[in-house]
There are 2 protein chains.
Amino acid sequence: MVKIKDIAERCGLSIASVSKALHGESDLNPETAKRIREIAAEMGYIPNASARLLKTKRSYNIGVLFVDETSSGLEHEYFSAILNSIKDEAEKHGYDITFISHHFGHDHLSFYEHAKYRNMDGVIIASVDFRDPEVVQLVDSEIPTVTIDYEFNDVASVVSDNVQGVKDIVNYLAEMGHKRIAFITGDDTSVTQKRVASFYKTCAENAIEVNDEYVKKGRYHIPKISGEATRELLSLKERPTVIMYPDDYSLLGGITEIEKHGLRIPEDISIVGYDGIKLSRLLRPIITTYVQNSTEKGITATKKLISLIENPKITLADRTLVSGRLQQGETVRSLK
Amino acid sequence: MVKIKDIAERCGLSIASVSKALHGESDLNPETAKRIREIAAEMGYIPNASARLLKTKRSYNIGVLFVDETSSGLEHEYFSAILNSIKDEAEKHGYDITFISHHFGHDHLSFYEHAKYRNMDGVIIASVDFRDPEVVQLVDSEIPTVTIDYEFNDVASVVSDNVQGVKDIVNYLAEMGHKRIAFITGDDTSVTQKRVASFYKTCAENAIEVNDEYVKKGRYHIPKISGEATRELLSLKERPTVIMYPDDYSLLGGITEIEKHGLRIPEDISIVGYDGIKLSRLLRPIITTYVQNSTEKGITATKKLISLIENPKITLADRTLVSGRLQQGETVRSLK
DNA sequence: CTGAAAGCGCTAACAT
DNA sequence: ATGTTAGCGCTTTCAG
């Protein structure tokens, strides 16, 4: 392995000069610097990140916390899209990304300890149980942090405009003449709370009375749960005319259940998803859903984090709202 | 930040003793060692991976190369499942995973240089253009490497048993009475070549004559391409009775096209996918497909790599075949 | 059983 | 314009 010292010897110069030349800076003779760089390239020099880090305290490594209860977070397109955009954006800025986990090396490390252990410059947290004490420890630490789809006090976050999303959906449904609107919610998080609040508010604005039986607790990304909730809704004496699902993926469980009952979509019952995964456009009928701009969320979170790392003084740990748009598919029937 | 030196001072011992105690080894007085460990814990000591690495040359970090031409590799469930299982398995063994990329820090680094720069102990390569010179440079290097779904000479690999997969499918189709079998292939890779060879071979074994017009070049994971190939197949004077797709995801493009023609599945035409993504079980009709055990592939590749890293002498850089199973869905009609 | 000391590869004052 | 030097935090011989 070629190191700075080798280059220095080969050039007949000091290691300091080589280091300077390699950074293209300082008061080195441009000629000398050029020569050094050429020789370094010729010798196949590759810098050693650890040695550099040990001195500079900057790893150019971003940690990503991406665990979920079902331990299948990565398998959902929505999170994959975010991860992919984080990766791309980080690379553009010269950062690598490493997953944070409970490290099982010698001792068990907490998320925070793991991040410190690897000297991560910052951390992006998504798709995780945000009430986990370890997560709280991490966001409360001195490590720059950005959360996605969850807000902590004084922690930078990038969240979907859930209020707007549900508002757009309900307004659209009202416009289409729906009065009996059911809503299967997701896990009890602040995201869900915002959506539910927006649901009630927008219904009220449209003079739609909400039947409490129509609001069912569900889970995100679990088709089976949505299927069960759908069954209950279909068995009500007065059926809803439309069902809103927590997300497109779990909506698939609803479709299965609806078809089991011999009902057609949207002729017999309308459905609406959330997220706008690719699949929602590939299926027939095309799903009516609120398209989340997950790529933009990943990019925004990454930019924010890097700014927090590189310009801590002038970067606010605030919240960034990312809005989506209603995809008018073919799963909502007009009742007018 | 607490370091070994701090602990040593607090204990009134040397840093050497502390280091030894922290590793639970060597000839240290058990009492002393215990006391040191307690104090270290109390002081909130977290080891520094870089400093350790600088000395030991072991990073406990595995690089994952996961780029594809469409730069959306992570968005496909199949690859996500592999990534997830790699991550889980690596964590179990105390390794972290970091994505390898073209690093855009100061200079542009090749994949190999990037891996060296970060001192990665080993690398898993998947979902990438394996003919890329940079990939070749990486597998040819001294860094332990495992490839997934591709084989290089003398490089450990974990690949699906593609021959068996296509064989199982064709045998099943023959059993169901199909004679006019179309096959939309994927990109021209060794995987595809194996599948195609197996296709011809198994057809021959079943005394099925292959109409060359029935074999169409397609692409993996691109619904649009499969849709176009489907259109061509449907316009033949003698239509196939069944179409085999490169993968489940791109099969969706075929479904769309078939429905556009007003044909029903499987009454008018049968279809078969490949991969067995979750979706294949959620859609109705349930898709007949060959389920790849992607989780097992990720786990196997990771175990192999760690073995290669930790026991280079006794680990063979061989090929591991991972087989799947036929999922008899509802998209193949019996013609008997 | 414990400690001293060298050094991993690099950066960044501070000299010259 | 170039060189000297002192570490960064840790491991690991080799002494004591």
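Chain A is the first sequence line, chain B the second, and so forth, proteins listed ahead of strands; every chain is numbered from 1. None of these values were measured; they are calculated from a predicted model.
- Between A/E310 and A/R58 a salt bridge is recorded (basic side-chain N to carboxylate O distance below 4.0 Å).
- Nucleotide C/dG9 holds its P atom 10 Å from the CG atom of B/L53, rounded to whole Å.
- Relative ring orientation between B/H108 and B/H102 is described as parallel, the plane-to-plane angle staying below 30° on a 0-90° scale split at 30° and 60°.
- Per the geometry, NE2 belonging to A/H23 stands 11 Å off C1' belonging to C/dG9, to the nearest Å.
- In this structure, B/S19 does not reach the D/dC10 phosphate: none of its side-chain N or O atoms is under 4.0 Å from OP1 or OP2.
- At a threshold of 4.5 Å between non-hydrogen side-chain atoms, the residues B/T147 and B/F152 count as touching.
- Listed nucleotides: C/dG9, C/dA6, C/dA12. Nearest to the side chain of B/K55: C/dA6.
- A/S50 comes within 4.0 angstrom of nothing in the nucleic acid, heavy atoms only.
- Close to C/dG9, at under 4.0 Å from its OP1 or OP2, lies a side-chain N or O of A/K3.
- Partners of A/Q137 under the side-chain hydrogen bond (donor to acceptor under 3.5 Å, both in side chains) rule, at least two apart in sequence or in another chain, are A/S110.
- Below 30°, between 30° and 60°, or above 60°: for B/Y95 and B/Y60 the angle between ring planes is between 30° and 60°, a tilted geometry.
- Closest contact between the side chain of B/S17 and the listed nucleotides C/dT2, C/dC10, D/dG9 involves C/dT2.
- Listed nucleotides D/dG3, C/dT11, D/dG9 differ in distance to A/L54; the shortest reach to its side chain belongs to D/dG9.
- Within a heavy-atom distance below 4.0 Å of DNA chain C, the residues of residues 4-15 of chain A found are A/I4, A/I15.
- With rounding to the nearest 0.5 Å, the separation of CG in A/N48 from CG in B/L54 is 6.0 Å.
- Taking 4.0 angstrom as the limit, A/Y45 places a side-chain polar atom (N or O) nearer than this to OP1 or OP2 of C/dC10.
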request  = Using the side chain to side chain donor-acceptor pair (under 3.5 Å) rule, take B/T98 and A/T98 through it: C-alpha gap first, then chi angles, then the decisive distance, then the call.
outcome  = CA-CA 4 Å; B/T98 297; A/T98 298; 2.6 Å; yes

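- B/K57 places its NZ atom 17 Å from the P atom of D/dC10, with the value rounded to the nearest Å.
- Distance CG (B/L22) to P (D/dT12): 13 Å, rounded to an integer number of Å.
- Atoms NZ (B/K116) and C1' (C/dG9) sit 13 Å apart, rounded to a whole Å.
- Heavy-atom contacts from other residues, nucleotides or ligands closer than 6.0 Å to CG of A/D154 number 12 or fewer.
- Taking side-chain N and O atoms only, A/T56 has no distance below 4.0 Å to OP1 or OP2 of D/dC8.
- Taking the charged nitrogens against the carboxylate oxygens, A/R35 and A/E31 have no contact shorter than 4.0 Å, which rules out a salt bridge.
- Between B/L28 atom CG and C/dG3 atom P there is a gap of 9 Å when expressed in whole angstrom units.
- Stem regions for DNA chain C, each three or more consecutive Watson-Crick or G-U pairs with both distances under 3.5 Å and listed by first number, read C:1-16 with D:1-16.
- Of all nucleotides listed (C/dT11, D/dC14, D/dC10), D/dC14 comes nearest to the side chain of B/K20.
- Atoms CZ (B/R52) and C1' (D/dC8) sit 16 Å apart, rounded to a whole Å.
- A/T189 places none of its side-chain heavy atoms less than 4.5 Å from the side chain of A/D149.
- Distance A/Y117 OH to D/dG9 P: 16 Å, rounded to the nearest Å.
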